[in-house]
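Notes follow the structure.
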Amino acid sequence: MKYKDTIHLPRTEFPMRAKLPQREPETLAFWNDEKIYQRMIQARKGNQDYILHDGPPYSNGHVHIGTALNKVVKDFIIKYKSMDGYFSPYVPGWDNHGLPIENNVLSEFRKKKAEITRLAVRKRCREYAARFVDIQKREFVRLGVLGEWDNPYLTMSLKYESEILRIFARLVSKGYIYRDLRSIYWCPHCETALADAEIEYKEKTSHSIWIRFPLLADPDGVFDADKENAYALVWTTTPWTIPANLALTVKPDFEYYVVDKDGECYLLARALYEQVARELEWDTSRVEIKKRLTGTELANLVFRHPIFDRPAPVLQGVFVTADQGTGVVHTAPGHGEDDFLIGKKHGLEILCPVDKRGCFTDEAGERFAGLHIDKGNDEVLKALIEKDALLKQSSVNHQYPHCWRCHKPVIYRATPQWFLNVDHQGHRQKAIDAVNKVRWVPEESYERIKAAIEGRPDWCLSRQRFWGVGIPAFYCNDCDEAILSAEIAERTADLVERYSADFWFEPDVMKHYDDISCPKCGSKNLRPEQDILDVWFDSSCSSLIVCRNWEGLRWPVELFLEGPDQHRGWFNVSLMTSLGAEDTIPYGTVVTHGWVVDQEGKAMHKSLGNYVTTDEIVDKYGADVLRLWVAAAEYTRDVRVSDEILDRVIDAYRKIRNTLRFLMGNLADFTEADKLATSELGALDRYVLHEAQKLIDNVREGFDNFISHKAFQAIYQFCGVTLSSFYLDVVKDTLYTRGRDSKNRRSVQTVMAEVLDILIRLLAPLASFTAEEAYRVSPFKDKKKSVFLLDFPRANPAFEDRDLAYEFSQLLVVRDEVLKKLEIERSAENLKGSIDARVTLAAKDTSLANLLRKYQSQLAELFIVSQVQLASADEMQDEFGENNLAIEVHKPNGEKCVRCWLWSESVGSHPDHPGLCDKCYEAITYDQT
RNA sequence: GGGCCUAUAGCUCAGUUGGUUAGAGCGCACGCCUGAUAAGCGUGAGGUCGGUAGUUCGACUCUACCUAGGCCCA
């Protein structure tokens with residue numbers, strides 16, 4: 001008889017090799033064909049809901065790895081919540097309007113030399129966006145993300161576009177929207193506004209002039225100098241902006257000097273004094289530093305414009321730098337971003353005496369009016385010289401913004417724009433209060449969003465672009481009045497819902513508004529606004545629009561979850577719009593994840609060659625590996641990717657997979673009917689069952705608190721340590737060699753089946769493909785269609801046994817000591833396999849000695865040796881070690897059983913099977929009957 | 001330049017209110033097994049906690065500064 005054939009070896013169809021890139025698409029097809037997402041949601045319909053609102057990625061290009069991380073984390077949460085009984089539908093969305101798509105489309109047009117018209121470009125933008133929605137959708141689905149992929153939201157859909165305008169109308173009716181000037185990049189050659197993304201920096205030679213502003217008022221007497229000879233010293237590279245000067249800006253925490261140079265006093269920053277003195281060729285031995293002041297102390301000074309007879313008050317600004325100039329900055333609110341913001345903050349006029357072609361207007365004064373700013377530069381210099389305000393004139397080479405189309409230098413120019421008033425009726429304070437009521441994960445997020453809201457300027461809603469939702473305003477062709485009303489916006493919304501936002505740009509659009517006339521002059525000769533809404537406004541409306549219009553959702557929602565850039569972006573604007581339009585906070589919890597960075601923690605750039613794509617990982621290793629990479633990461637910090645990190649993830653994946661496989665392999669002959677009652681289980685088995693309940697608690701705690709890596713690590717360690725290297729190794733002998741239906745073996749299998757069931761469910765949100773695959777081949781009866789229709793495990797108090805767990809923790813310490821001793825013997829070549837050992841053990845500690853005696857019959861199995869004998873201290877040759885244990889290793893008694901390979905004195909006592917020990921004899925007899 | 005944040009073994013992560021020789025798993029090295037086999041098991045070697053200076057009887061844990069990195073703003 002071949003005894004090997006009587007051994008119960010594992011059998012399973014669950015392959016060791018995952019071949020995820022090949023196998024995952026089959027699982028995807030299954031999920032799709034069987035509508036598993038819909039079933040997962042429907043199964044929980046009527047239960048308490050948990051709504052995560054998806055932040056829309058931009059529909060341009062392929063899915064970036066950071067976006068993949070974002071979607072996978074969301075998927076963890078949706079699946080966990082669903083399995084835990086919540087009704088948790090997931091409606092993904094895309095942000096479609098905006099500059100990147102428009103620019104790509106425009107360059108297509110230029111390449112083809114096609115005529116650029118608003119309507120043609122918009123049509124092409126729509127197609128372009130739709131194409132990338134499809135591409136990205138496929139890529140997200142490939143990651144195993146379940147959701148309403150057949151019914152996503154698109155910001156360019158007719159419904160969405162019209163709802164944007166309805167929300168806008170609400171803000172108009174509540175008085176949030178106003179019109180004002182704003183300083184933006186402008187190309188005088190192309191006569192167009194430019195976005196930041198359309199600027200290229202190039203070397204340019206500019207003027208470099210040092211000028212002085214005479215002191216006009218010093219109410220605090222800080223200057224301490226004769227007004228006639230006191231000046232602020234100022235440097236600039238753009239003389240043509242001097243006519244637009246309305247202020248000077250200093251930095252509050254800089255130190256400033258008032259220096260006396262030949263009887264003339266100048267104000268400048270201490271940090272720049274040396275540099276300035278060198279530049280102006282001052283003999284510093286003859287310059288006296290009269291006063292040292294902080295920027296704050298300069299607050300009430302007023303200087304006089306160097307050319308015109310008007311004041312230039314001193315303002316406090318943090319943007320002032322100490323790398324060039326004088327630390328006293330020429331401020332022209334119409335000609336610079338900083339200038340604009342600080343000007344607005346202090347209520348200065350946004351003076352911009354330059355027209356769209358780059359020529360001075362009448363506002364620049366008679367002398368300059370009509371001149372192009374290039375000529376204007378020279379004229380300004382002349383005027384400065386006449387006023388004795390120019391101290392030095394030279395030139396400088398520096399990086400200067402140029403237009404990406406005509407490559408000529410651009411300017412800042414103030415143009416009329418539409419704004420949302422952030423301080424309207426205490427709106428900002430309401431937002432700050434709101435932020436206090438939201439749960440921010442991680443907690444530091446709170447500081448960021450608070451700072452972002454406190455510091456944000458009024459929201460400029462208008463863009464001089466093509467691809468977006470037109471602002472529903474008119475201009476009177478007769479008196480130039482701007483006309484905006486909630487009623488017009490509402491009517492436009494209805495029209496957009498019917499025709500799409502493109503209709504606004506049709507040549508005959510005014511026919512829909514023939515009853516509207518100018519409220520100022522009564523004219524009916526109106527034209528539609530051509531500016532579009534900032535795309536941030538589109539996305540700021542998403543929670544309102546989607547969660548109120550999609551079946552099953554509700555607003556406000558429970559969760560927003562995005563990257564750290566959204567503190568100033570989507571988290572911020574969503575709050576602005578929701579609070580403004582509805583006086584409601586859109587979210588209860590906001591989770592922020594980190595950025596995906598490379599091995600060194602550096603941002604990934606295509607040019608740096610450290611760029612990792614989602615495709616690479618999915619095609620090479622499979623989506624489950626990518627998912628586990630996300631699961632293993634502490635994702636509220638930046639998350640690193642590298643080959644080594646992925647290698648470790650793959651190792652973890654294999655370990656988990658093999659553990660599932662071994663569990664299933666040993667359950668091939670186990671059915672529901674073979675299950676033992678908990679009270680009948682062996683002590684070791686009950687201990688593992690107890691540990692499994694702890695595992696469940698840990699995993700749940702991880703998911704509940706957005707700490708998926710805690711869940712992952714708990715599962716991984718349970719598989720690797722509790723199961724693979726301990727329990728499953730120990731229990732192998734029982735599984736293989738005991739009678740098929742023996743109580744010992746069935747006890748082990750009962751626990752293995754329970755643990756397998758738990759593991760598959762715990763893994764489902766994380767390694768979804770593998771969990772589904774395992775579930776489909778698992779030996780359970782009455783299976784549901786999918787793992788996602790199962791309930792998430794909950795710790796079963798009936799399986800918990802703290803006293804037993806304590807005893808085993810003690811036994812495990814002893815086990816470690818025994819294993820160390822065995823290793824020593826192995827190194828000394830006294831021993832090979834542990835089953836060829838007999839261990840003699842003595843414990844000094846009475847309670848431990850008692851514990852060992854209690855478990856005496858199971859110690860050999862626990863240590864995986866042939867025999868264990870307990871001895872008293874004086875019987876031991878060996879010293880007692882740290883744990884008050886003495887351990888000796890000897891050759892076992894009796895003979896080695898040819899079937900189970902363990903040594904036993906019973907070998908030879910069965911004439912019909914002379915090579916077998918009692919246990920094996922019993923097993924074969926048992927199995928044969 | 002400003003705001004917020006991060007920095008513990010090769011990797012991913014733990015380290016309670018400051019208090020004994022800083023932990024885990026993986027990887028690695030060495031070895032065992034060949035009845036989980038492109039598997040399984042054991043033992044072991046690796047950090048002085050980014051750096052500096054403080055506070056303290058005592059700091060990975062507190063403070064300041066610096067360095068590197070991230071997001072945003074400028």
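Side chains are part of it too, since the values below use all heavy atoms of this structure and drop only hydrogens, waters and symmetry mates. Just so it is clear, the structure is predicted and the values come from calculations on it, not from any experiment. Protein chains get the first letters and strands the later ones, always in sequence-line order, with residue 1 at the start of each.
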A:Glu701 CD to B:A14 P, in whole Å, measures 13 Å

Whole-Å distance, A:Glu454 CD to B:C73 C1', equals 15 Å

field: Integer angstrom distance from the P of B:A39 to that of B:C28
entry: 12 Å

Paired with A:Tyr256, the side-chain contact (heavy atoms from CB on, under 4.5 Å) test is passed by just one of A:Val328, A:Thr294, A:Leu268, namely A:Val328

Per atom distances to the A:Gln713 side chain, the nearest of B:G35, B:C13, B:C71 is B:C13

note: A:Ile824, atom CD1; B:U43, atom P; distance rounded to Å ~ 11 Å

The glycosidic conformation of B:G25, counting syn as within 90° of 0 and anti otherwise, is anti

Discussion item. Please classify the nucleic acid contact of A:Asn658 as base, sugar-phosphate, or nothing, using heavy-atom distances under 4.0 Å.
Written reply: base

Winner on side-chain proximity to A:Asp816, out of B:U43, B:G40, B:C73, is B:U43

- Considering only the C1' atoms, how many Å lie between B:G47 and B:C33, rounded to the nearest integer? 33 Å

Next item on the list: Check every strand shown and say whether A:Ala633 touches a base, only sugar-phosphate, or nothing at a heavy-atom separation below 4.0 Å.
Entry: sugar-phosphate

- [ ] Could you tell me whether A:Arg428 and A:Glu454 have a side-chain N and a carboxylate O separated by less than 4.0 Å?
- [x] no

Pair A:Arg439, A:Phe706 - check side-chain contact (heavy atoms from CB on, under 4.5 Å), show working. CA-CA 12 Å; A:Arg439 179 184 176 200; A:Phe706 309 102; 3.7 Å; yes

Atom CZ of A:Phe718 and atom P of B:C13 are separated, to the nearest Å, by 23 Å

Identify whether any heavy atom of A:Glu444 sits under 4.0 Å from a base atom; if not, whether one sits that close to sugar-phosphate; answer base, sugar-phosphate or nothing.
sugar-phosphate

Ranking B:G70, B:G42, B:U6 by distance to the side chain of A:Arg448, first place goes to B:G70

task = Classify the ring geometry between A:Phe340 and A:Phe419 as parallel (under 30°), tilted (30 to 60°) or perpendicular (over 60°).
result = parallel

If you count every heavy atom of other residues, nucleotides or ligands that lies below 6.0 Å from A:Lys694 atom NZ, does the total exceed 12? no

For A:Phe571 and A:His567, take the angle between the two ring planes, folded into 0 to 90°, and tell me which bin it lands in: parallel under 30, tilted 30 to 60, perpendicular over 60. perpendicular

task = Check every strand shown and say whether A:Arg899 touches a base, only sugar-phosphate, or nothing at a heavy-atom separation below 4.0 Å.
result = base

Of A:Arg654 and A:Glu337, the one whose nearest nucleotide on RNA chain B sits closer to the 5' end is A:Arg654

- Query: Within the structure shown, what part of the strands sits under 4.0 Å from A:Ile645 by heavy-atom distance: base, sugar-phosphate, or nothing?
  - Reply: sugar-phosphate

d(A:Ile707 CD1, A:Phe712 CZ) to nearest 0.5 Å is 15.5 Å

note: A:Arg456, atom CZ; B:C4, atom P; distance rounded to Å ~ 19 Å

Discussion item. Less than 4.0 angstrom between a side-chain N/O of A:Arg661 and OP1 or OP2 of B:U37, yes or no?
Written reply: yes

Rounded distance in Å between the C1' positions of B:G1 and B:C62: 28 Å

Discussion item. So, does A:Lys4 get its side chain near the phosphate of B:G35, meaning an N or O under 4.0 Å from OP1 or OP2?
Written reply: yes

Output field dot_bracket for RNA chain B (Watson-Crick or G-U, both distances under 3.5 Å, | for other-strand pairs) contains (((((((..((((.....[...)))).(((((.......))))).....(((((..]....)))))))))))).

Sugar-phosphate only, base, or nothing, as touched by A:His567 at under 4.0 Å among non-hydrogen atoms | nothing

* Kindly indicate whether the side chain of A:Gln717 and the base of B:G25 share any N or O donor-acceptor pair separated by less than 3.5 Å? => no

The nucleotide from B:U37, B:C72, B:C33 with an atom nearest the side chain of A:Lys832 is B:C33

Within the 4.0 Å heavy-atom criterion, would you say A:Ser724 contacts the bases, only the backbone, or no part of the nucleic acid?
base

Using a cut-off of under 3.5 Å, enumerate the N/O to N/O pairs linking the protein to nucleotides 26-29 of chain B.
{"from": "B:G27", "atom 1": "O4'", "to": "A:Arg648", "atom 2": "NE", "distance (Å)": "3.4"}

- Side-chain N or O of A:Trp595 less than 4.0 angstrom from OP1 or OP2 on B:C71? yes

To the nearest angstrom, the CZ-P distance between A:Phe254 and B:G2 comes to 9 Å

Closest to the side chain of A:Ala632, out of B:U12, B:C32, B:G1, is B:U12

On RNA chain B, more 5' by nearest nucleotide between A:Val898 and A:Phe712 is A:Phe712

C1' spacing across the pair B:C32 / B:U20, given as an integer number of angstrom: 37 Å

(Q) Does a side-chain N or O of A:Thr659 approach OP1 or OP2 of B:A36 to a distance below 4.0 Å, or not? (A) no

Collect all protein-nucleotide pairs involving nucleotides 64-69 of chain B in which both atoms are nitrogen or oxygen and the distance is under 3.5 Å.
{"from": "B:G69", "atom 1": "O2'", "to": "A:Gly601", "atom 2": "O", "distance (Å)": "2.4"}

- Quick one: label A:Arg17 by what it contacts on the DNA or RNA (base, sugar-phosphate, nothing), any heavy atom closer than 4.0 Å. base

B:U21 to B:G3 separation - P atoms, rounded to the nearest Å
39 Å

A:Glu888 atom CD: more than 12 heavy-atom contacts under 6.0 Å
yes

*asked:* Here's one to test your reading of the geometry: is the NZ or CZ of A:Arg657 within 45 degrees of the ring axis of A:Phe14 and under 6.0 Å from its centre?
replied: yes

Test item: A:Arg738 side-chain N/O and A:Ala923 main-chain N/O as donor-acceptor pair under 3.5 Å = no

Check: Do you see a donor-acceptor pair shorter than 3.5 Å between the side chains of A:Lys655 and A:Ser724?
Finding: yes

Exactly one candidate in A:Leu759, A:Leu763, A:Leu660, A:Leu663 meets side-chain contact (heavy atoms from CB on, under 4.5 Å) with A:Cys719; the answer is A:Leu759

A:Glu823 has its side chain closest, among B:G44, B:G42, B:A14, to B:G42

Looking across every strand, which nucleic acid part, if any, lies under 4.0 Å from A:Ser834 by heavy atom: base, sugar-phosphate, or nothing?
nothing

Here the pair of heavy atoms bringing A:Ala603 nearest to A:Asn610 is O-ND2, 3.1 Å

Rounded to whole Å, the CZ-P distance (A:Arg637 to B:A7) equals 5 Å

In whole angstroms, the gap separating P of B:G44 from CG of A:Leu822 amounts to 13 Å

For A:Pro779 and A:Leu667, the nearest pair of non-hydrogen atoms, with its separation, is CG-CB, 3.9 Å

Check your understanding: Distance between the P atoms of B:G58 and B:G27, in whole angstroms?
Key -> 42 Å

With rounding to the closest Å, how many angstrom separate the C1' atoms on B:C60 and B:C49? 5 Å

inquiry  = In this structure, is the centre-to-centre distance between the rings of A:Tyr58 and A:His64 below 6.0 Å?
reply    = no

Can you check the distance between B:A68 and B:A24, where both ends of the measurement are the C1' atom (answer in whole Å)? 27 Å

Report task. State, without any angle test, whether A:Gln749 and A:Asp669 hold a side-chain donor-acceptor pair at a distance under 3.5 Å. Result -> yes

